[in-house]
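Nothing here was measured: the structure is a model prediction, and the numbers come from that model. Chain identifiers are assigned alphabetically (A, B, ...) following the order of the sequence lines, protein sequences preceding nucleic acid strands; residue numbering begins at 1 within each chain.
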There are 2 protein chains.
Amino acid sequence: METEKKKILLVEDDPNFGIVLKDYLAMNDFDVVLAKNGMEGFEKFKKDNFDVCILDVMMPYKDGFTLAKEIREKNENVPIIFLTAKTMKEDVLKGYKAGADDYLNKPFDSEVLLMKLKAILQRKATGSLADSKQFEFQIGHFHLNSKLRFLKFNDEEPIKLSPKENELLRLLALHENDLMPRELALTKIWRDDNYFTSRSMDVYIAKLRKYLKRDDSVEILNIHGEGFRLVVKAENQ
Amino acid sequence: METEKKKILLVEDDPNFGIVLKDYLAMNDFDVVLAKNGMEGFEKFKKDNFDVCILDVMMPYKDGFTLAKEIREKNENVPIIFLTAKTMKEDVLKGYKAGADDYLNKPFDSEVLLMKLKAILQRKATGSLADSKQFEFQIGHFHLNSKLRFLKFNDEEPIKLSPKENELLRLLALHENDLMPRELALTKIWRDDNYFTSRSMDVYIAKLRKYLKRDDSVEILNIHGEGFRLVVKAENQ
DNA sequence: TTTACCGTTTAACCTAACCTTAACAAAAAT
DNA sequence: ATTTTTGTTAAGGTTAGGTTAAACGGTAAA
């Protein structure tokens with residue numbers, strides 16, 4: 001039985017918004033610690049154990065992204081949610097979002113935040129621990145947005161991905177340059193490991209290869225009998 | 001109760017335009033202080049408390065970005081709106097980094113400026129957690145007034161929206177450029193998530209698409225099995 | 001009361017999206 | 001050489017979504 005309140009570190013420089021959000025989360029049975037800038041946030045993070053961190057990206061002195069990196073050095077697993085301005089251009093945010101467990105555009109719907117918190121804590125509780133949901137990736141010249149299910153190559157029209165394409169590419173990206181075992185994808189995405197699901201997966205590998213063809217520095221290699229490897233060759237730029 | 005007029009610092013080097021804009025804002029119940037260059041702007045900023053700053057970017061001696069940085073050093077929270085030439089793109093990004101809350105391309109629609117001012121002041125007041133409080137949206141060239149239930153395209157006759165059309169578009173606008181999950185709309189608007197309400201929602205999506213067709217830069221995309229996405233493409237002309 | 005109107009739901013039909021399975025070719029392992 | 005695994009394309013079936021029109025139900029005008 002888990003009767004303890006979940007602890008949230010909230011780092012937000014706007015004092016009005018910070019307090020409103022803190023109260024709202026407290027009302028919904030979270031234990032919230034509010035820090036009003038990146039430095040204070042990091043101090044508070046070191047002194048306690050948090051279940052989730054919610055970081056504003058745009059803060060003076062130390063932005064949310066920098067803070068996230070420091071937090072990651074201390075703790076690889078704690079889920080991080082970024083709050084970003086809606087007016088920021090996507091390419092500006094690309095870098096920020098990569099490495100996030102989730103993000104929300106400000107202003108946002110408080111119910112959506114609660115949903116996300118619930119989902120993240122649920123995921124952690126059910127033991128799929130290291131699998132906290134990172135869903136944006138830079139893959140060579142591609143940008144994968146796994147939440148909106150699209151793959152963008154430079155400035156081209158985004159390619160829409162089907163759920164299976166998306167999950168598979170995401171799993172490969174999580175193991176970038178490393179082995180992504182067949183069995184892992186089959187159990188995680190297909191929920192069953194048999195001849196047919198295995199063949200189905202091969203079909204999806206072929207589809208992904210077709211998409212990724214436009215960037216020579218990216219390819220999916222097979223390791224016979226083991227699985228696949230998403231290889232991103234280093235560029236000179 | 002907030003009966004005080006909101007105080008605006010307007011920094012604009014073109015004297016004609018500056019005076020016209022000042023008068024227009026004054027007419028709309030703002031208390032406007034006009035400065036005609038960056039240096040004068042900073043002096044006036046130090047001597048008073050402003051709710052918003054509107055800064056022209058291109059000014060002699062001290063440009064708007066530089067001024068913004070100085071203002072930020074004094075006050076981390078005051079909202080800043082930039083007025084920029086339409087052709088600038090790099091500079092816009094630079095502006096965001098300096099901590100802009102919004103920007104407008106010159107020449108601009110004075111009503112749009114009012115809208116942005118209202119939105120920003122609203123956000124500050126409510127801490128932007130105002131999912132139930134935001135009723136006006138700029139959607140590309142459209143303006144949605146969700147309280148009065150109309151959608152206006154440029155200067156055309158406003159389109160009257162039915163309650164369902166209105167709520168659905170509002171929910172999409174709240175999630176602009178992001179996923180608006182089917183389930184969210186169904187539970188929030190239809191209060192029930194079943195086959196029929198889902199089909200009903202699709203009908204309303206079709207209606208909204210028809211309205212939005214007159215602006216090429218706005219569209220409602222479907223994310224199969226997940227929900228919809230109101231996409232507003234950035235203008236480049 | 002009847003009629004007209006409006007917003008909404010339901011129905012119907014069609015297309016697009018998605019996933020699996022089959023089939024055959026190529027590569028790797030035995 | 002034979003078997004197993006993988007690469008790839010295409011056909012098939014299922015479900016979700018796009019769209020239009022008719023049916024429904026409530027309310028206001030006649």
>> Reading DNA chain D from 5' to 3', where do the contacts with chain B start and stop? Cut-off is 4.0 Å to heavy atoms.
In response: dA16(D) to dT20(D)

> For Met59(A), does its backbone N or O pair with a side-chain atom of Asp56(A) as donor and acceptor, under 3.5 Å?
Replying inline: no

> Is the backbone of His224(B) close enough, under 3.5 Å, to the side chain of Arg149(A) for a donor and an acceptor to pair up by distance?
Replying inline: yes

> Of Arg209(A) and Phe228(B), whose nearest nucleotide on DNA chain D comes first from the 5' end?
Replying inline: Arg209(A)

> Is there a donor-acceptor contact under 3.5 Å from the side chain of Arg209(B) to the main chain of Ile220(B)?
Replying inline: yes

> What do the steps show when you test Glu219(A) against Lys233(A) for salt bridge (Lys or Arg N to Asp or Glu O under 4.0 Å), and what is the final call?
Replying inline: CA-CA 9 Å; Glu219(A) 63 183 323; Lys233(A) 289 189 266 292; 3.0 Å; yes

>> Just to be sure I understand the geometry, which residues of residues 190-197 of chain B put a non-hydrogen atom under 4.0 Å away from DNA chain C?
In response: Trp190(B), Phe196(B)

> When you look at Met180(B) and Leu168(B), which way does the side chain to side chain contact (heavy atoms under 4.5 Å, CB included) test go after all the steps?
Replying inline: CA-CA 10 Å; Met180(B) 193 282 291; Leu168(B) 185 55; 4.1 Å; yes

> Can you give the first and last nucleotides of DNA chain C, 5' to 3', that have an atom under 4.0 Å from a heavy atom of chain B?
Replying inline: dG7(C) to dC18(C)

> Relative to each other, are the rings of Phe153(A) and Phe142(A) parallel, tilted or perpendicular (30° and 60° limits)?
Replying inline: tilted

> Does Arg170(B) reach the main-chain N or O of Ser146(B) with its side chain, forming a donor-acceptor pair under 3.5 Å?
Replying inline: no

> Once you round to the nearest 0.5 Å, how far does NZ of Lys22(A) lie from CG of Leu34(A)?
Replying inline: 6.0 Å

> Can you name the residues that form a side chain to side chain contact (heavy atoms under 4.5 Å, CB included) with Ser162(A), not counting sequence neighbours?
Replying inline: Lys164(A), Glu165(A), Tyr204(A)

> Which of residues 198-208 of chain B have a heavy atom under 4.0 Å from DNA chain C?
Replying inline: Arg199(B), Ser200(B), Val203(B), Tyr204(B), Lys207(B)

>> Taking Ile71(A)'s backbone N and O only, do any of them form a donor-acceptor pair with Asn75(A)'s side chain (distance below 3.5 Å, no angle check)?
In response: no

Contacts table for residues 196-203 of chain B: side-chain donor-acceptor under 3.5 angstrom, sequence neighbours left out:
unit_1	atom_1	unit_2	atom_2	d
Thr197(B)	OG1	Asp192(B)	O	3.0
Thr197(B)	OG1	Asn194(B)	N	3.0
Thr197(B)	OG1	Asn194(B)	O	3.0
Thr197(B)	OG1	Asn194(B)	OD1	3.3
Ser198(B)	OG	Arg182(B)	NE	3.4
Ser198(B)	OG	Arg182(B)	NH2	2.8
Arg199(B)	NH1	Asp202(B)	OD2	2.6
Asp202(B)	OD1	Arg182(B)	NH2	3.0
Asp202(B)	OD2	Arg182(B)	NH2	3.2

> Any donor and acceptor pair, going by atom type alone, linking the side chain of Arg229(B) with main-chain N or O of Leu221(B) inside 3.5 Å?
Replying inline: no

> NA contact type, Arg182(B), heavy-atom cut-off 4.0 Å: base, sugar-phosphate, or nothing?
Replying inline: sugar-phosphate

> Think Lys147(B) forms a cation-pi with Phe135(B), using NZ or CZ under 6.0 Å from the six-ring centre and within 45 degrees of its axis?
Replying inline: yes

>> Regarding Lys210(A), tell me which of base, sugar-phosphate or nothing describes its non-hydrogen contacts under 4.0 Å with the strands shown.
In response: sugar-phosphate

